[in-house]
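Below: the structure, in C-alpha coordinates.
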Amino acid sequence: MNIQNYIGGALINPKGELFLDNYNPATGKVYSYIPDSTEEDINNAFKAAKNAFPTWSKTTKEERFKVMMRIADLIEERHDELALAESTDNGKPVKLASHVDIPRAASNIRFFATAILHYASESHDMDGAAINYTLRKPIGVVGCISPWNLPLYLFTWKIAPALAAGNTVIAKPSEVTPMTAYLFSKICIEAGLPEGVLNIVHGLGANVGAAITAHEGIKAISFTGGTETGKTIAKVAAPMFKKLSLELGGKNPNIIFADCDFEQALRTSVMSSFANQGQICLCGSRIFVERPIYEKFKTAFVAKVSRLKVGDPNDPTSNLGALVSKEHLEKVKGYIALAQEEGGTILTGGNQVYLDGALADGNYLEPTVIEGLSYNCRTNQEEIFGPVVTIMPFDTEEEVTDFANSTEYGLAATVWTQDISKGNRMAANLQSGIVWVNCWLLRDLRTPFGGVKNSGVGREGGFNALNFFTEPTNVCIKV
Ligand code: NAD
(Lines give C-alpha, C1' and ligand atoms only; values in the text may rest on other atoms or scores of the structure.)
Protein backbone atom coordinates (compact mmCIF):
# COMPACT_ATOMS: atom_id res chain seq x y z
CA MET A 1 0.00 0.00 0.00
CA ASN A 2 1.27 3.47 -0.94
CA ILE A 3 0.79 6.37 1.42
CA GLN A 4 0.16 9.68 -0.38
CA ASN A 5 0.74 13.33 0.28
CA TYR A 6 -2.27 15.56 0.97
CA ILE A 7 -1.78 18.76 -1.03
CA GLY A 8 -4.42 21.25 -2.17
CA GLY A 9 -7.19 19.02 -0.85
CA ALA A 10 -6.13 15.96 -2.89
CA LEU A 11 -4.20 12.79 -2.14
CA ILE A 12 -1.28 12.67 -4.57
CA ASN A 13 2.03 10.93 -5.15
CA PRO A 14 5.27 12.85 -4.66
CA LYS A 15 6.43 14.61 -7.84
CA GLY A 16 9.47 12.35 -8.14
CA GLU A 17 7.27 9.20 -7.77
CA LEU A 18 9.79 7.83 -5.26
CA PHE A 19 8.77 5.95 -2.13
CA LEU A 20 10.48 4.76 1.06
CA ASP A 21 9.90 1.52 2.95
CA ASN A 22 7.63 1.74 5.98
CA TYR A 23 8.25 -0.97 8.59
CA ASN A 24 6.00 -2.66 11.11
CA PRO A 25 8.23 -2.67 14.24
CA ALA A 26 6.39 -5.71 15.67
CA THR A 27 7.40 -7.92 12.74
CA GLY A 28 10.41 -6.05 11.35
CA LYS A 29 8.79 -6.28 7.89
CA VAL A 30 7.96 -3.59 5.33
CA TYR A 31 4.19 -3.23 5.16
CA SER A 32 3.64 0.01 3.20
CA TYR A 33 5.47 2.71 1.29
CA ILE A 34 5.81 6.37 2.14
CA PRO A 35 6.35 9.28 -0.28
CA ASP A 36 10.01 10.28 -0.50
CA SER A 37 9.02 13.90 -1.07
CA THR A 38 11.38 16.74 -1.92
CA GLU A 39 11.56 20.51 -1.93
CA GLU A 40 9.39 20.51 -5.08
CA ASP A 41 6.52 18.92 -3.14
CA ILE A 42 6.96 21.48 -0.36
CA ASN A 43 6.82 24.27 -2.94
CA ASN A 44 3.56 22.86 -4.28
CA ALA A 45 2.16 22.55 -0.77
CA PHE A 46 3.19 26.14 -0.12
CA LYS A 47 1.33 27.37 -3.21
CA ALA A 48 -1.80 25.52 -2.07
CA ALA A 49 -1.50 26.85 1.49
CA LYS A 50 -0.83 30.40 0.29
CA ASN A 51 -3.88 30.33 -1.99
CA ALA A 52 -6.06 29.00 0.81
CA PHE A 53 -4.91 31.55 3.40
CA PRO A 54 -6.95 34.65 2.42
CA THR A 55 -10.24 32.74 2.60
CA TRP A 56 -9.42 30.55 5.61
CA SER A 57 -8.11 33.47 7.66
CA LYS A 58 -11.38 35.33 7.00
CA THR A 59 -13.57 32.29 7.66
CA THR A 60 -15.54 32.96 10.83
CA LYS A 61 -14.38 31.32 14.03
CA GLU A 62 -17.73 29.55 14.16
CA GLU A 63 -17.08 27.95 10.74
CA ARG A 64 -13.56 26.90 11.70
CA PHE A 65 -14.98 25.46 14.91
CA LYS A 66 -17.60 23.47 12.99
CA VAL A 67 -15.24 21.83 10.52
CA MET A 68 -12.74 21.01 13.26
CA MET A 69 -15.48 19.43 15.38
CA ARG A 70 -16.44 17.27 12.37
CA ILE A 71 -12.81 16.15 12.13
CA ALA A 72 -12.80 15.25 15.85
CA ASP A 73 -16.06 13.31 15.45
CA LEU A 74 -14.59 11.35 12.54
CA ILE A 75 -11.47 10.51 14.58
CA GLU A 76 -13.77 9.04 17.21
CA GLU A 77 -15.82 7.14 14.62
CA ARG A 78 -12.60 5.63 13.22
CA HIS A 79 -11.14 5.00 16.67
CA ASP A 80 -10.48 1.29 16.24
CA GLU A 81 -8.96 1.63 12.77
CA LEU A 82 -6.70 4.47 13.90
CA ALA A 83 -5.60 2.68 17.09
CA LEU A 84 -4.66 -0.43 15.14
CA ALA A 85 -2.85 1.67 12.52
CA GLU A 86 -0.91 3.55 15.20
CA SER A 87 0.15 0.31 16.83
CA THR A 88 1.16 -1.29 13.52
CA ASP A 89 3.21 1.75 12.54
CA ASN A 90 4.83 2.43 15.91
CA GLY A 91 4.99 -0.91 17.76
CA LYS A 92 3.05 0.35 20.79
CA PRO A 93 0.37 -1.88 22.30
CA VAL A 94 -3.04 -1.40 20.62
CA LYS A 95 -4.44 -1.01 24.14
CA LEU A 96 -2.24 2.05 24.74
CA ALA A 97 -3.11 3.61 21.37
CA SER A 98 -6.81 2.98 22.14
CA HIS A 99 -6.68 4.57 25.58
CA VAL A 100 -4.17 7.36 25.03
CA ASP A 101 -3.12 8.28 21.48
CA ILE A 102 -6.38 8.29 19.56
CA PRO A 103 -8.70 9.77 22.24
CA ARG A 104 -6.12 12.49 22.81
CA ALA A 105 -5.95 13.28 19.07
CA ALA A 106 -9.72 13.90 19.07
CA SER A 107 -9.42 15.95 22.29
CA ASN A 108 -6.65 18.08 20.77
CA ILE A 109 -8.83 19.04 17.82
CA ARG A 110 -11.89 19.64 19.97
CA PHE A 111 -9.94 21.61 22.56
CA PHE A 112 -8.60 24.15 20.03
CA ALA A 113 -11.84 24.23 18.01
CA THR A 114 -13.58 25.47 21.15
CA ALA A 115 -10.64 27.51 22.49
CA ILE A 116 -10.74 29.82 19.47
CA LEU A 117 -14.34 30.72 20.36
CA HIS A 118 -13.14 31.91 23.80
CA TYR A 119 -9.91 33.54 22.72
CA ALA A 120 -9.77 37.24 23.62
CA SER A 121 -7.13 39.93 23.39
CA GLU A 122 -6.09 42.70 25.75
CA SER A 123 -6.89 46.38 25.90
CA HIS A 124 -4.90 49.08 27.70
CA ASP A 125 -6.67 52.28 28.69
CA MET A 126 -4.42 55.41 29.01
CA ASP A 127 -6.54 57.16 31.65
CA GLY A 128 -9.06 58.30 29.09
CA ALA A 129 -6.48 59.94 26.75
CA ALA A 130 -6.25 56.96 24.43
CA ILE A 131 -7.14 53.34 24.26
CA ASN A 132 -4.90 50.54 23.03
CA TYR A 133 -6.15 47.19 21.97
CA THR A 134 -4.28 44.15 20.68
CA LEU A 135 -5.33 42.68 17.38
CA ARG A 136 -4.35 39.02 17.07
CA LYS A 137 -3.86 38.06 13.43
CA PRO A 138 -3.08 34.66 11.94
CA ILE A 139 0.51 34.51 10.68
CA GLY A 140 -0.03 33.00 7.22
CA VAL A 141 1.45 29.69 6.11
CA VAL A 142 3.02 27.87 9.06
CA GLY A 143 5.05 24.64 9.36
CA CYS A 144 4.42 21.84 11.86
CA ILE A 145 7.00 19.04 12.22
CA SER A 146 6.34 16.13 14.57
CA PRO A 147 8.10 12.98 15.88
CA TRP A 148 7.33 9.24 15.91
CA ASN A 149 6.67 8.47 19.56
CA LEU A 150 3.08 9.74 19.83
CA PRO A 151 2.35 10.15 16.13
CA LEU A 152 -1.26 11.35 15.73
CA TYR A 153 -1.36 12.75 19.27
CA LEU A 154 1.51 15.21 18.68
CA PHE A 155 0.63 15.86 15.04
CA THR A 156 -2.86 17.09 16.01
CA TRP A 157 -1.51 18.95 19.05
CA LYS A 158 0.32 21.26 16.64
CA ILE A 159 -1.99 21.60 13.68
CA ALA A 160 -5.18 22.14 15.74
CA PRO A 161 -4.15 25.53 17.24
CA ALA A 162 -2.54 26.58 13.94
CA LEU A 163 -5.77 25.95 12.01
CA ALA A 164 -8.08 27.29 14.72
CA ALA A 165 -6.16 30.58 14.70
CA GLY A 166 -6.76 30.95 10.95
CA ASN A 167 -3.40 29.88 9.55
CA THR A 168 -2.91 27.47 6.70
CA VAL A 169 -0.50 24.65 7.43
CA ILE A 170 2.20 22.50 5.91
CA ALA A 171 2.67 19.56 8.23
CA LYS A 172 5.28 16.84 8.21
CA PRO A 173 4.77 13.71 10.31
CA SER A 174 7.74 11.52 11.15
CA GLU A 175 8.85 9.31 8.28
CA VAL A 176 9.06 6.49 10.83
CA THR A 177 5.31 6.65 11.61
CA PRO A 178 3.41 8.24 8.70
CA MET A 179 0.27 6.09 8.66
CA THR A 180 -2.17 7.85 10.99
CA ALA A 181 -1.34 11.26 9.46
CA TYR A 182 -2.28 9.73 6.09
CA LEU A 183 -5.57 8.40 7.51
CA PHE A 184 -6.08 11.83 9.07
CA SER A 185 -5.79 13.48 5.64
CA LYS A 186 -8.68 11.29 4.45
CA ILE A 187 -10.67 12.37 7.49
CA CYS A 188 -10.03 16.05 6.65
CA ILE A 189 -11.31 15.50 3.11
CA GLU A 190 -14.43 13.77 4.42
CA ALA A 191 -15.02 16.49 7.01
CA GLY A 192 -14.97 19.15 4.29
CA LEU A 193 -11.84 21.02 5.33
CA PRO A 194 -11.36 23.48 2.43
CA GLU A 195 -8.59 22.56 0.02
CA GLY A 196 -5.11 23.83 0.79
CA VAL A 197 -5.90 24.71 4.41
CA LEU A 198 -3.92 21.72 5.66
CA ASN A 199 -1.23 20.09 3.55
CA ILE A 200 0.59 16.97 4.72
CA VAL A 201 3.89 16.19 3.04
CA HIS A 202 5.63 12.91 3.87
CA GLY A 203 9.32 12.14 3.62
CA LEU A 204 12.71 12.39 5.25
CA GLY A 205 13.58 15.08 7.77
CA ALA A 206 16.70 16.09 5.86
CA ASN A 207 14.60 16.70 2.71
CA VAL A 208 11.04 17.62 3.63
CA GLY A 209 11.65 18.97 7.16
CA ALA A 210 14.65 20.98 5.97
CA ALA A 211 12.67 22.38 3.01
CA ILE A 212 9.89 23.55 5.37
CA THR A 213 12.45 25.17 7.67
CA ALA A 214 14.27 26.91 4.82
CA HIS A 215 11.20 28.10 2.89
CA GLU A 216 11.12 31.86 3.09
CA GLY A 217 7.32 32.05 2.84
CA ILE A 218 6.76 29.89 5.93
CA LYS A 219 6.91 32.35 8.80
CA ALA A 220 6.53 30.10 11.84
CA ILE A 221 7.70 26.59 12.67
CA SER A 222 6.35 24.46 15.46
CA PHE A 223 8.70 21.52 15.98
CA THR A 224 8.71 18.55 18.34
CA GLY A 225 11.63 16.15 18.21
CA GLY A 226 15.23 15.67 19.26
CA THR A 227 17.45 18.44 20.63
CA GLU A 228 20.03 18.06 17.85
CA THR A 229 17.34 18.46 15.16
CA GLY A 230 16.01 21.48 17.08
CA LYS A 231 19.47 23.06 16.90
CA THR A 232 19.64 22.50 13.13
CA ILE A 233 16.21 24.05 12.65
CA ALA A 234 17.06 27.04 14.86
CA LYS A 235 20.28 27.68 12.90
CA VAL A 236 18.37 27.90 9.62
CA ALA A 237 15.23 29.64 10.87
CA ALA A 238 16.70 32.25 13.22
CA PRO A 239 18.41 34.42 10.55
CA MET A 240 15.09 34.39 8.64
CA PHE A 241 13.36 35.72 11.80
CA LYS A 242 10.82 32.94 11.85
CA LYS A 243 8.74 32.39 14.94
CA LEU A 244 9.94 29.14 16.52
CA SER A 245 8.41 26.78 19.04
CA LEU A 246 10.79 23.95 19.90
CA GLU A 247 9.72 20.97 22.04
CA LEU A 248 12.86 18.88 22.44
CA GLY A 249 14.42 16.02 24.39
CA GLY A 250 14.40 15.26 28.09
CA LYS A 251 16.15 13.29 30.82
CA ASN A 252 13.50 13.52 33.46
CA PRO A 253 14.04 12.89 37.19
CA ASN A 254 11.54 10.87 39.20
CA ILE A 255 12.19 11.83 42.85
CA ILE A 256 10.83 9.61 45.59
CA PHE A 257 10.97 10.88 49.16
CA ALA A 258 10.69 8.53 52.14
CA ASP A 259 7.40 10.17 53.20
CA CYS A 260 5.63 9.35 49.92
CA ASP A 261 2.54 7.21 49.47
CA PHE A 262 4.69 4.16 48.75
CA GLU A 263 2.19 2.09 46.76
CA GLN A 264 1.12 5.00 44.58
CA ALA A 265 4.71 6.07 43.88
CA LEU A 266 5.62 2.48 43.04
CA ARG A 267 2.68 1.83 40.72
CA THR A 268 3.02 5.13 38.88
CA SER A 269 6.81 4.83 38.58
CA VAL A 270 6.41 1.57 36.67
CA MET A 271 4.20 3.43 34.20
CA SER A 272 6.29 6.59 34.05
CA SER A 273 9.36 4.48 33.34
CA PHE A 274 8.02 2.07 30.73
CA ALA A 275 4.79 3.34 29.14
CA ASN A 276 5.13 3.31 25.34
CA GLN A 277 8.38 1.31 25.82
CA GLY A 278 9.84 4.33 27.64
CA GLN A 279 9.51 6.36 24.44
CA ILE A 280 7.61 9.33 25.87
CA CYS A 281 9.52 12.59 26.23
CA LEU A 282 7.96 12.86 29.72
CA CYS A 283 9.04 9.42 31.00
CA GLY A 284 11.06 9.54 34.21
CA SER A 285 14.32 7.86 33.28
CA ARG A 286 16.36 8.73 36.40
CA ILE A 287 14.77 7.45 39.61
CA PHE A 288 16.14 9.01 42.81
CA VAL A 289 14.97 7.37 46.04
CA GLU A 290 15.57 8.75 49.54
CA ARG A 291 17.95 6.45 51.37
CA PRO A 292 15.66 5.23 54.21
CA ILE A 293 13.33 3.55 51.68
CA TYR A 294 15.87 2.90 48.92
CA GLU A 295 16.21 -0.88 49.40
CA LYS A 296 12.50 -1.40 49.99
CA PHE A 297 11.52 0.63 46.92
CA LYS A 298 14.19 -0.92 44.72
CA THR A 299 13.15 -4.47 45.64
CA ALA A 300 9.45 -3.80 45.06
CA PHE A 301 10.10 -1.88 41.83
CA VAL A 302 12.35 -4.54 40.34
CA ALA A 303 9.82 -7.25 41.28
CA LYS A 304 7.04 -5.37 39.47
CA VAL A 305 9.14 -4.53 36.42
CA SER A 306 10.33 -8.10 35.99
CA ARG A 307 6.68 -9.19 35.78
CA LEU A 308 5.90 -6.82 32.88
CA LYS A 309 5.10 -8.67 29.70
CA VAL A 310 6.92 -7.77 26.49
CA GLY A 311 4.85 -9.14 23.65
CA ASP A 312 2.63 -8.83 20.63
CA PRO A 313 1.22 -5.28 20.52
CA ASN A 314 -2.12 -6.82 19.53
CA ASP A 315 -2.26 -8.90 22.70
CA PRO A 316 -4.17 -6.96 25.38
CA THR A 317 -2.05 -8.60 28.09
CA SER A 318 1.21 -7.13 26.68
CA ASN A 319 2.57 -4.27 28.78
CA LEU A 320 5.31 -3.37 26.32
CA GLY A 321 5.28 -3.77 22.55
CA ALA A 322 8.13 -3.22 20.09
CA LEU A 323 10.59 -0.35 19.93
CA VAL A 324 9.96 1.87 16.95
CA SER A 325 12.83 0.75 14.67
CA LYS A 326 15.89 -1.49 14.42
CA GLU A 327 18.15 1.59 14.55
CA HIS A 328 16.49 2.81 17.71
CA LEU A 329 16.67 -0.64 19.31
CA GLU A 330 20.43 -0.72 18.60
CA LYS A 331 20.85 2.76 20.07
CA VAL A 332 19.06 1.76 23.29
CA LYS A 333 21.06 -1.49 23.53
CA GLY A 334 24.20 0.62 23.11
CA TYR A 335 23.24 2.61 26.20
CA ILE A 336 22.71 -0.59 28.20
CA ALA A 337 26.24 -1.64 27.24
CA LEU A 338 27.57 1.83 28.13
CA ALA A 339 25.87 1.69 31.54
CA GLN A 340 27.72 -1.55 32.29
CA GLU A 341 31.03 -0.06 31.12
CA GLU A 342 30.36 2.86 33.45
CA GLY A 343 30.02 0.45 36.38
CA GLY A 344 26.26 -0.04 36.45
CA THR A 345 24.59 -3.27 37.54
CA ILE A 346 21.50 -4.49 35.72
CA LEU A 347 18.86 -5.36 38.32
CA THR A 348 16.36 -6.65 35.77
CA GLY A 349 16.12 -6.75 31.98
CA GLY A 350 18.99 -5.74 29.72
CA ASN A 351 18.28 -8.21 26.92
CA GLN A 352 16.63 -8.16 23.53
CA VAL A 353 13.50 -10.32 23.44
CA TYR A 354 12.94 -12.75 20.58
CA LEU A 355 9.31 -13.67 20.00
CA ASP A 356 8.02 -16.52 17.83
CA GLY A 357 6.56 -16.80 14.35
CA ALA A 358 5.64 -13.58 12.54
CA LEU A 359 7.10 -11.52 15.39
CA ALA A 360 10.55 -13.13 15.24
CA ASP A 361 12.18 -10.06 13.62
CA GLY A 362 10.41 -7.48 15.82
CA ASN A 363 12.26 -4.91 17.91
CA TYR A 364 11.59 -6.13 21.44
CA LEU A 365 13.60 -5.27 24.54
CA GLU A 366 13.17 -6.15 28.20
CA PRO A 367 12.32 -3.27 30.54
CA THR A 368 15.64 -2.56 32.20
CA VAL A 369 16.58 -1.15 35.61
CA ILE A 370 20.20 -0.19 36.31
CA GLU A 371 21.81 0.55 39.68
CA GLY A 372 25.21 1.76 40.83
CA LEU A 373 25.83 4.69 38.51
CA SER A 374 26.88 8.21 39.44
CA TYR A 375 24.40 10.96 38.68
CA ASN A 376 26.82 12.60 36.24
CA CYS A 377 27.90 9.65 34.07
CA ARG A 378 26.85 9.61 30.41
CA THR A 379 24.06 7.09 31.02
CA ASN A 380 22.54 9.55 33.47
CA GLN A 381 23.11 12.63 31.33
CA GLU A 382 22.11 11.59 27.80
CA GLU A 383 18.60 10.87 26.55
CA ILE A 384 18.09 7.15 25.92
CA PHE A 385 14.38 7.27 25.03
CA GLY A 386 13.72 3.58 25.59
CA PRO A 387 12.70 1.10 28.31
CA VAL A 388 15.77 1.80 30.44
CA VAL A 389 15.87 3.57 33.81
CA THR A 390 18.53 4.07 36.44
CA ILE A 391 17.88 4.02 40.18
CA MET A 392 19.99 5.90 42.76
CA PRO A 393 19.76 6.77 46.46
CA PHE A 394 19.92 10.32 47.84
CA ASP A 395 20.19 11.84 51.32
CA THR A 396 18.86 15.40 51.27
CA GLU A 397 16.51 17.66 49.36
CA GLU A 398 19.45 19.87 48.32
CA GLU A 399 21.45 16.91 47.05
CA VAL A 400 18.65 15.47 44.94
CA THR A 401 17.85 18.91 43.53
CA ASP A 402 21.47 19.14 42.34
CA PHE A 403 21.33 15.62 40.89
CA ALA A 404 18.04 16.36 39.13
CA ASN A 405 19.26 19.69 37.71
CA SER A 406 22.62 18.34 36.54
CA THR A 407 21.63 17.52 32.94
CA GLU A 408 21.39 19.81 29.92
CA TYR A 409 17.66 19.05 29.81
CA GLY A 410 14.69 20.41 31.75
CA LEU A 411 11.41 19.04 30.42
CA ALA A 412 9.50 17.27 33.19
CA ALA A 413 10.10 16.14 36.77
CA THR A 414 8.05 14.06 39.19
CA VAL A 415 8.18 14.43 42.98
CA TRP A 416 6.66 11.98 45.45
CA THR A 417 6.09 13.29 48.98
CA GLN A 418 3.16 13.73 51.35
CA ASP A 419 4.69 16.98 52.64
CA ILE A 420 3.12 19.54 50.35
CA SER A 421 5.54 22.28 51.44
CA LYS A 422 8.41 20.07 50.33
CA GLY A 423 6.59 19.46 47.05
CA ASN A 424 6.25 23.21 46.52
CA ARG A 425 9.90 23.84 47.40
CA MET A 426 11.07 21.16 45.00
CA ALA A 427 8.84 22.53 42.22
CA ALA A 428 10.37 25.98 42.74
CA ASN A 429 13.95 24.68 42.70
CA LEU A 430 13.80 22.13 39.90
CA GLN A 431 14.89 23.38 36.48
CA SER A 432 11.95 21.94 34.62
CA GLY A 433 9.08 23.15 32.46
CA ILE A 434 6.66 20.72 34.10
CA VAL A 435 6.68 19.36 37.67
CA TRP A 436 4.23 16.67 38.71
CA VAL A 437 3.75 16.19 42.46
CA ASN A 438 2.28 12.81 43.40
CA CYS A 439 1.16 12.08 39.84
CA TRP A 440 2.51 11.69 36.33
CA LEU A 441 1.18 12.58 32.87
CA LEU A 442 -1.89 14.21 34.35
CA ARG A 443 -2.60 16.80 31.68
CA ASP A 444 -4.89 19.80 31.55
CA LEU A 445 -4.67 21.03 27.96
CA ARG A 446 -4.94 24.66 29.10
CA THR A 447 -1.61 24.59 30.96
CA PRO A 448 1.77 25.72 29.53
CA PHE A 449 3.62 22.74 28.10
CA GLY A 450 7.32 22.76 27.27
CA GLY A 451 10.84 22.62 28.59
CA VAL A 452 13.68 24.79 29.85
CA LYS A 453 17.40 24.58 28.99
CA ASN A 454 18.01 22.25 26.01
CA SER A 455 14.50 20.80 26.25
CA GLY A 456 13.13 23.63 24.20
CA VAL A 457 11.98 27.16 23.60
CA GLY A 458 8.42 28.39 24.02
CA ARG A 459 5.31 26.78 25.41
CA GLU A 460 2.45 24.89 23.82
CA GLY A 461 -0.97 24.34 25.37
CA GLY A 462 -4.09 26.43 25.72
CA PHE A 463 -3.83 30.10 24.81
CA ASN A 464 -0.01 29.81 24.67
CA ALA A 465 -0.43 27.90 21.43
CA LEU A 466 -2.96 30.38 20.03
CA ASN A 467 -0.57 33.21 20.97
CA PHE A 468 2.24 31.43 19.16
CA PHE A 469 0.17 30.98 16.00
CA THR A 470 -0.95 34.65 15.89
CA GLU A 471 0.87 37.97 15.52
CA PRO A 472 -0.18 40.74 17.90
CA THR A 473 -0.66 44.26 16.56
CA ASN A 474 -1.18 47.03 19.09
CA VAL A 475 -3.72 49.61 17.91
CA CYS A 476 -3.58 52.94 19.78
CA ILE A 477 -6.59 55.27 19.33
CA LYS A 478 -6.52 58.79 20.72
CA VAL A 479 -9.79 59.61 22.37
P1 NAD B 1 13.80 13.76 15.34
O2 NAD B 1 14.34 15.07 15.77
O3 NAD B 1 14.72 12.78 14.71
O4 NAD B 1 12.61 13.96 14.28
C5 NAD B 1 11.49 14.75 14.56
C6 NAD B 1 10.92 15.27 13.25
O7 NAD B 1 11.86 16.17 12.67
C8 NAD B 1 10.65 14.18 12.22
O9 NAD B 1 9.48 14.49 11.51
C10 NAD B 1 11.87 14.30 11.32
O11 NAD B 1 11.65 13.84 10.02
C12 NAD B 1 12.11 15.80 11.33
N13 NAD B 1 13.47 16.20 10.98
C14 NAD B 1 14.62 15.47 11.06
N15 NAD B 1 15.66 16.18 10.62
C16 NAD B 1 15.18 17.40 10.26
C17 NAD B 1 15.78 18.58 9.74
N18 NAD B 1 17.08 18.67 9.47
N19 NAD B 1 14.99 19.65 9.52
C20 NAD B 1 13.67 19.62 9.80
N21 NAD B 1 13.05 18.51 10.26
C22 NAD B 1 13.79 17.42 10.50
O23 NAD B 1 13.08 13.15 16.60
P24 NAD B 1 12.40 11.72 16.74
O25 NAD B 1 13.47 10.69 16.82
O26 NAD B 1 11.32 11.58 15.73
O27 NAD B 1 11.67 11.85 18.16
C28 NAD B 1 12.28 11.58 19.36
C29 NAD B 1 12.71 12.86 20.05
O30 NAD B 1 11.61 13.73 20.20
C31 NAD B 1 13.22 12.63 21.46
O32 NAD B 1 14.37 13.42 21.66
C33 NAD B 1 12.09 13.12 22.34
O34 NAD B 1 12.47 13.55 23.62
C35 NAD B 1 11.56 14.24 21.52
N36 NAD B 1 10.19 14.55 21.90
C37 NAD B 1 9.95 15.72 22.59
C38 NAD B 1 8.66 16.04 23.00
C39 NAD B 1 8.37 17.31 23.75
O40 NAD B 1 7.20 17.65 23.87
N41 NAD B 1 9.35 18.02 24.24
C42 NAD B 1 7.61 15.16 22.68
C43 NAD B 1 7.90 13.99 21.98
C44 NAD B 1 9.18 13.69 21.60
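In listed order, ligands and their atoms are each counted from 1. Residue indices begin at 1 and follow the sequence shown.
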Donor-acceptor contacts under 3.5 Å from residues 360-370 side chains, at least two apart:
unit_1: Asp361; atom_1: OD2; unit_2: Lys29; atom_2: NZ; d: 3.0
unit_1: Asn363; atom_1: OD1; unit_2: Lys326; atom_2: NZ; d: 2.7
unit_1: Asn363; atom_1: ND2; unit_2: Leu323; atom_2: O; d: 3.1
unit_1: Tyr364; atom_1: OH; unit_2: Ala26; atom_2: O; d: 2.9
unit_1: Glu366; atom_1: OE1; unit_2: Asn351; atom_2: N; d: 3.2
unit_1: Glu366; atom_1: OE1; unit_2: Asn351; atom_2: ND2; d: 3.3
unit_1: Thr368; atom_1: OG1; unit_2: Gly350; atom_2: N; d: 2.8
unit_1: Thr368; atom_1: OG1; unit_2: Glu366; atom_2: O; d: 2.8

Hey, can you pull the donor-acceptor pairs under 3.5 Å for the side chains in residues 109-116, sequence neighbours left out?
unit_1: Arg110; atom_1: NH1; unit_2: Glu76; atom_2: OE1; d: 3.4
unit_1: Arg110; atom_1: NH1; unit_2: Glu76; atom_2: OE2; d: 2.8
unit_1: Arg110; atom_1: NH2; unit_2: Asp73; atom_2: OD1; d: 2.6
unit_1: Arg110; atom_1: NH2; unit_2: Glu76; atom_2: OE1; d: 3.4
unit_1: Thr114; atom_1: OG1; unit_2: Arg110; atom_2: O; d: 2.9
unit_1: Thr114; atom_1: OG1; unit_2: Phe111; atom_2: O; d: 2.9

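A donor and an acceptor atom, one from each side chain of Arg104 and Asn108, are located under 3.5 Å apart. Remark: the Glu17 side chain and the Asn13 side chain contain an N/O donor-acceptor pair separated by less than 3.5 Å.
Geometric assessment of Arg443 against the ring of Trp436 yields a negative cation-pi assignment under the 6.0 Å and 45° thresholds.
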May I have the N/O to N/O pairs between ligand 1 and the protein that fall below 3.5 Å, each with atom names and distance to one decimal?
unit_1: ligand 1; atom_1: 2 (O); unit_2: Gly226; atom_2: N; d: 2.8
unit_1: ligand 1; atom_1: 2 (O); unit_2: Thr229; atom_2: OG1; d: 2.6
unit_1: ligand 1; atom_1: 9 (O); unit_2: Ser146; atom_2: O; d: 2.8
unit_1: ligand 1; atom_1: 9 (O); unit_2: Lys172; atom_2: NZ; d: 3.2
unit_1: ligand 1; atom_1: 11 (O); unit_2: Lys172; atom_2: NZ; d: 2.9
unit_1: ligand 1; atom_1: 11 (O); unit_2: Glu175; atom_2: OE1; d: 2.6
unit_1: ligand 1; atom_1: 11 (O); unit_2: Gly205; atom_2: N; d: 3.4
unit_1: ligand 1; atom_1: 23 (O); unit_2: Gly226; atom_2: N; d: 3.3
unit_1: ligand 1; atom_1: 25 (O); unit_2: Trp148; atom_2: NE1; d: 2.8
unit_1: ligand 1; atom_1: 26 (O); unit_2: Trp148; atom_2: NE1; d: 3.3
unit_1: ligand 1; atom_1: 30 (O); unit_2: Gly225; atom_2: O; d: 3.3
unit_1: ligand 1; atom_1: 32 (O); unit_2: Glu383; atom_2: OE1; d: 2.6
unit_1: ligand 1; atom_1: 34 (O); unit_2: Glu383; atom_2: OE2; d: 2.5
unit_1: ligand 1; atom_1: 41 (N); unit_2: Leu248; atom_2: N; d: 3.3
unit_1: ligand 1; atom_1: 41 (N); unit_2: Leu248; atom_2: O; d: 2.8

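Identified under the side chain to side chain donor-acceptor pair (under 3.5 Å) test for residues 275-285, with sequence neighbours left out: Lys92-Asn276.
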